[in-house]
Structure formats: structure tokens, C-alpha cells
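Report on one structure; see the data block that follows.
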Amino acid sequence: MTARVIDGRAEAALLRAQIAERVAVLQARPGLAVVLVGDDPASAVYVRNKDRAAKAAGIAVETLRLPANTSQAALLELIGRLNADPAIDAILVQLPLPAHIERRAVIEAINPAKDVDGFHPANLGRLVDGMPTLVPCTPLGVMKLLATAGMPVAGTRALVIGRSPIVGKPMAALLTNADATVTLAHSRTRDLPEECRRAQIVIAAAGRAEMVRGDWIGRGATVIDVGINRLEDGRLVGDVAFSECLSHAGAITPVPGGVGPMTIACLLENTVLAATHRRGRE
Ligand code: NAP
């Protein structure tokens with residue numbers, strides 16, 4: 001048996017085309033502010049890709065690049081200005097932030113209605129409560145890929161590996177809301193291979209290169225690899241040993257070309273959602 005490879009690039013391209021059509025009929029272009037503090041090379045690449053994708057969809061994107069020594073107070077002041085700016089519908093602060101800036105303080109400063117990443121506690125709380133809200137882009141993209149894979153989520157046993165507030169925890173909430181029976185694994189989980197074997201859906205988001213081996217995967221399971229890891233030889237790999245898992249899984253996402261492109265497409269979708277909600281209220 002060889003798993004079907006889920007083409008995240010193709011799915012993301014479809015979604016982006018739909019978003020561009022929605023933007024084209026809006027009275028004013030949605031405004032997205034992307035804030036990058038410091039010069040982390042991976043963050044710079046992510047921000048550049050988001051900027052390009054937003055422009056291509058017709059979104060008015062403004063990328064603000066601040067030096068690494070920007071103070072927390074200066075960053076909070078900028079967020080205050082973006083919150084008050086009527087042309088800005090959506091604010092994204094690229095993570096990670098430099099060590100002297102407290103992530104929680106920055107996220108809590110963003111107006112929840114403009115919190116396009118869905119990381120504000122008000123939005124995460126609404127998500128856990130099963131209410132409509134701005135949902136973190138990566139887990140949202142994963143849910144869309146599961147739908148693409150034709151994987152019915154309700155009633156299945158799903159394992160999420162990783163419990164970060166930006167991927168693992170919201171992922172577990174989304175799967176729970178979709179009626180899966182969810183196990184949330186982390187670095188203290190006792191027998192991760194066995195937890196994996198029991199799952200019909202495995203979402204790997206641990207940031208550990210090729211940690212999930214082929215014989216961890218139950219026959220026919222759907223495997224979604226969120227991890228992005230750069231090896232010493234320069235290759236980019238996920239958290240899943242892709243070629244080993246191909247012969248066990250029913251469907252699997254590659255890295256690159258799986259979850260990553262969907263994350264960006266969902267950012268654009270959230271921007272349009274934030275814009276239409278805000279304007280509807282004005
Ligand atoms: P993170 O904040 O570092 O969290 C990693 C999580 O994995 C933690 O909960 C940690 O457990 C758990 N973990 C670490 N080693 C483990 C192990 N050996 N066994 C089981 N669990 C383990 O990372 P993140 O921000 O969630 O990102 C996770 C990965 O996804 C990274 O590779 C990141 O680059 C990637 N990512 C990709 C996208 C995308 O668009 N494709 C978006 C965001 C992130 P503890 O809580 O016990 O420490």
C-alpha cells in the first residue's frame with residue numbers, strides 16, 4: 001500500500017484564488033499589517049512569503065520591519081496605533097520575538113477583532129468554547145487538508161503531537177469541536193509510538209526532524225506533518241519520516257508542500273474574515 005500524497009500547494013492555490021475573487025468584490029481592499037522584529041532568517045522568509053501572497057490576493061499589506069533592539073514599549077505603542085488605524089483590518093506579529101519582549105503581552109495588546117493569527121486569549125477561548133472566531137492559521141489549514149483527504153474526522157481517534165499554544169492546543173480544540181476523540185501528546189508522553197499506532201489521524205507538530213517513524217503509523221491512517229526542520233545538509237524535512245510512512249499511511253502531507261502553503265492561504269482567509277466582520281459592524 002502506498003499512501004496518497006496530499007498536495008498542500010495545489011489546495012492552497014485553489015483557496016488563494018477563491019480569496020482573490022472575494023477581495024475583488026469588496027468595496028475597499030482589506031488591510032493587513034505584518035510586524036517583524038529582528039532579523040531571524042526563517043521569520044524573514046515567512047514574512048516575505050506572507051507579504052507576496054497577500055499582495056497577489058489583492059490585500060493591502062504593510063510589512064513593518066523593526067530592529068532587534070526594539071523595546072517592548074515601542075512595539076506595544078505600534079500595536080496601539082495599528083489597532084486604532086481604520087485602514088488596518090488585521091495585525092500579525094511574526095513569532096518568535098526577541099528574548100527581551102514578552103510574547104503574551106504583545107499578543108494581548110492586539111485588538112481581538114484584528115488578531116488574524118487567532119492567538120489572543122479571547123479568540124483561543126472562543127475556539128475552545130466552539131464559537132465562531134479567528135482560528136490560528138496552521139491548525140485551520142490542517143482541518144482543510146483533512147477535508148481534502150476525504151478523512152471524516154467525527155468519531156475518529158486523533159493524535160496531536162505537540163501542545164504549543166499556536167499549533168498543538170488549538171489543533172486539539174478544532175479536532176474536538178469536529179467530534180474526534182483527541183489525544184494531545186508532548187515531550188512527557190510515555191509511549192508515543194503506541195499512541196501513534198492507535199490513531200486514525202496523526203498530526204505531528206513537535207519540531208523534531210523525522211521523529212515519527214513508519215512503524216508508528218497504523219495501517220491507512222492519515223498523517224499531517226506540521227513540522228519544519230532544517231537538517232545540517234540544508235534539506236528541509238518534517239517531523240515525519242516521509243518515505244517510511246508512505247507504505248503505512250492512507251494519506252500523508254509532504255514537507256515542503258503540505259501544511260506550510262495552507263497556513264499562508266488561511267492567513268489571507270482570516271484577513272478577509274476580519275475585514276468583512278469589522279466593516280459589517282461599522
Ligand atoms: P514548540 O512551541 O517548540 O512546541 C513543540 C511541542 O512539541 C511542545 O509541546 C513539546 O512538548 C512537543 N515535543 C517536543 N519534542 C517532543 C517529543 N520528542 N515527543 C513528543 N512531543 C514533543 O513548536 P511549535 O511552534 O508548535 O511548532 C512545531 C513545529 O511546527 C515546528 O517544526 C515549527 O517549525 C512547525 N510549524 C510549522 C508551521 C507551518 O506553517 N507549517 C507553522 C507553525 C509551526 P513540551 O510541551 O512537553 O515541551
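Order of listing sets the numbers, starting from 1, for every ligand and every atom in it. As the structure is a prediction and not an experimental result, all values here were calculated from the model.
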- prompt: Could Arg279 and Asp89 be called an ion pair, given the rule that one side-chain N must be under 4.0 Å from one carboxylate O?
  reply: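 Answer for the salt bridge query: yes.
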Cluster link Ile59 to Tyr46, ILVMFWY, side chain under 4.5 Å: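 Per the 4.5 Å side-chain linkage, Ile59 and Tyr46 are not co-clustered.
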field: Reference residue Val259; test side chain to side chain contact (heavy atoms under 4.5 Å, CB included); the match among Val167, Ile228, Leu145, Asp225
entry: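 For Val259, the side chain to side chain contact (heavy atoms under 4.5 Å, CB included) test succeeds with only one of Val167, Ile228, Leu145, Asp225, which is Leu145.
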statement: Tightest non-hydrogen contact, residues Ile107 and His120, listed as O-CD2, 3.3 Å
- prompt: Of all residues at least two apart in sequence or in a different chain, which pass the salt bridge (charged side-chain N to carboxylate O under 4.0 Å, His left out) check with Lys144?
  reply: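 Testing Lys144 for salt bridge (charged side-chain N to carboxylate O under 4.0 Å, His left out), a comparison that skips the adjacent residues, returns Glu269.
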For ligand 1, the residues whose heavy atoms come within less than 4.0 Å (ordered by chain, then number): Thr138, Ile161, Gly162, Arg163, Ser164, Ile166, Val167, His186, Ser187, Leu192, Ala205, Ala206, Gly207, Arg208, Met211, Val226, Gly227, Ile228, Asn229, Val259, Gly260, Thr263
- line: Value for CZ (Arg208) from OG (Ser187), rounded to nearest 0.5 Å, stands at 7.5 Å
